[in-house]
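First up is the structure itself, then whatever we jot down about it.
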Amino acid sequence: MAVSSVQILGTGQLLELSRRLRAASGAPVQRNMARRIRRAAEPLRDDLQSTMRRLPMRSQGRSTRPGGPSPTTRPLRATLANAIRISVRTSSNPGARVWVDKSLLPSDLKFMPEALNNAPGGRHRHPVFNNRSRWVNQYVPPLWWDKTVQRHTPRMRAEVARVIDDVQRQLS
């Protein structure tokens, strides 16, 4: 599963419901449905952000040469966590999507969420401060994004099904 996007879609039911909403009730019911679907996705987003902020990263340790101060002041985990977003659509392709907004990440961190999630054996190998002659290994729990999503998927599917049933009841 790609780190950049998680989608909860009940395509058949949501598409039909979306068509009926546009035809029958319009904006108020659509806004209510979008708000409730967003609320269903918020715990997942919050847990992904929390997991990223607490993600244990350990390194192989320093060699005999002492390290200097970091050339950057931005905190890696907080920067990545703040880029996790929710979007909800009630028109075509309706549903909720939890994703990493790469436009909020610095250019050198655009692919970091995928790299941390998909690191083979949890090992992320990278150059030290972009110095290609010095490389280090950092270890993170593998598939942190996927495991967090799997924990929330049953609850989100049930909540979206409940929203669909409620809105269908309102339309009948």
Side-chain angles (χ1 to χ4, degrees), residues 1-10 31-91 93-160 163:
M1 180 177 289
V3 168
S4 60
S5 174
V6 176
Q7 296 182 10
I8 297 296
L9 305 169
R31 279 194 305 267
N32 183 36
M33 182 175 118
R35 186 180 71 247
R36 290 182 63 194
I37 290 174
R38 176 177 294 279
R39 279 193 195 145
E42 283 174 352
L44 172 60
R45 182 212 48 210
D46 295 344
D47 196 17
L48 283 167
Q49 287 176 333
S50 173
T51 301
M52 170 55 15
R53 285 187 177 100
R54 292 180 286 108
L55 194 65
M57 292 183 189
R58 61 180 177 82
S59 66
Q60 61 199 23
R62 293 185 182 246
S63 65
T64 57
R65 297 187 331 206
S70 171
T72 178
T73 58
R74 67 173 183 255
L76 173 67
R77 292 182 192 99
T79 302
L80 296 176
N82 290 335
I84 298 173
R85 296 279 182 252
I86 299 175
S87 60
V88 175
R89 291 178 61 167
T90 56
S91 57
N93 197 16
R97 183 174 169 228
V98 180
W99 53 290
V100 176
D101 187 353
K102 291 183 179 180
S103 70
L104 297 176
L105 295 175
S107 61
D108 60 331
L109 296 181
K110 297 252 188 250
F111 298 102
M112 186 59 71
E114 288 95 344
L116 292 178
N117 187 57
N118 299 325
R123 183 185 93 157
H124 175 63
R125 184 168 168 76
H126 63 91
V128 177
F129 299 121
N130 222 16
N131 176 358
R132 300 263 173 208
S133 64
R134 181 144 168 88
W135 289 72
V136 294
N137 295 315
Q138 281 191 295
Y139 299 91
V140 296
L143 304 175
W144 64 272
W145 177 278
D146 298 348
K147 290 176 183 175
T148 305
V149 169
Q150 285 173 354
R151 277 197 318 267
H152 286 269
T153 299
R155 180 199 53 77
M156 286 179 61
R157 286 190 195 280
E159 183 61 30
V160 169
V163 169

Closest contact, heavy atoms only, Arg77 versus Arg53:
CD-O, 3.4 Å
Hey, mind stepping through Leu116 and Leu80 against side-chain contact (heavy atoms from CB on, under 4.5 Å) and telling me if it holds?
CA-CA 11 Å; Leu116 292 178; Leu80 296 176; 3.9 Å; yes
Between the side chain of Lys102 and the main-chain N/O of Phe111, is any donor-acceptor distance below 3.5 Å?
no
Using side-chain heavy atoms (C-beta onward) and a distance below 4.5 Å, is Asn117 in contact with Glu114?
no
Please check if any side-chain donor atom of Arg54 sits under 3.5 Å from a side-chain acceptor atom of Ser50, or the reverse.
yes
Evaluate Leu48 against His152 for side-chain contact (heavy atoms from CB on, under 4.5 Å), listing each step before the verdict.
CA-CA 10 Å; Leu48 283 167; His152 286 269; over 6 Å; no
Decide side-chain contact (heavy atoms from CB on, under 4.5 Å) for Asn82 and Leu104; before the verdict, give the C-alpha distance in whole Å, the side-chain angles of both, and the deciding distance to 0.1 Å.
CA-CA 8 Å; Asn82 290 335; Leu104 297 176; over 6 Å; no
Nearest heavy-atom approach of Pro141 to Pro56 is CD-O, 3.4 Å
Check whether any side-chain heavy atom of Asp101 lies under 4.5 Å from a side-chain heavy atom of Ile84, and answer yes or no.
no
With a 4.5 Å heavy-atom cut-off, do Val100 and Leu105 have their side chains touching?
yes
Measure the shortest side-chain to side-chain distance between Val163 and Arg39 over non-hydrogen atoms and say whether it is less than 4.5 angstrom.
no
Can you find a pair of side-chain heavy atoms, one from Met52 and one from Trp144, that are under 4.5 Å apart?
yes
Under the rule for side-chain hydrogen bond (donor to acceptor under 3.5 Å, both in side chains), what residues qualify as partners of Thr79, not counting sequence neighbours?
none
Specify the closest pair of heavy atoms between Pro127 and Arg132, including all atoms of both residues, with the distance to one decimal.
CG-NH1, 3.8 Å
Is the backbone N or O of Ala40 less than 3.5 Å from a side-chain atom of Arg155, with the two atoms forming a donor-acceptor pair by type?
yes
Are Val140 and Gln138 side-chain neighbours, meaning at least one heavy-atom pair lies under 4.5 Å?
no
Are the side chains of Met33 and Arg36 in contact, using a 4.5 Å heavy-atom criterion?
no
Apply salt bridge (charged side-chain N to carboxylate O under 4.0 Å, His left out) to Arg45 and list each qualifying residue two or more places apart in sequence or on a separate chain.
none
Would you please name every residue forming a salt bridge (charged side-chain N to carboxylate O under 4.0 Å, His left out) with Asp47, sequence neighbours left out?
Arg151
For Ile86 and Trp99, work out which heavy atoms get closest and say how close.
C-NE1, 4.0 Å
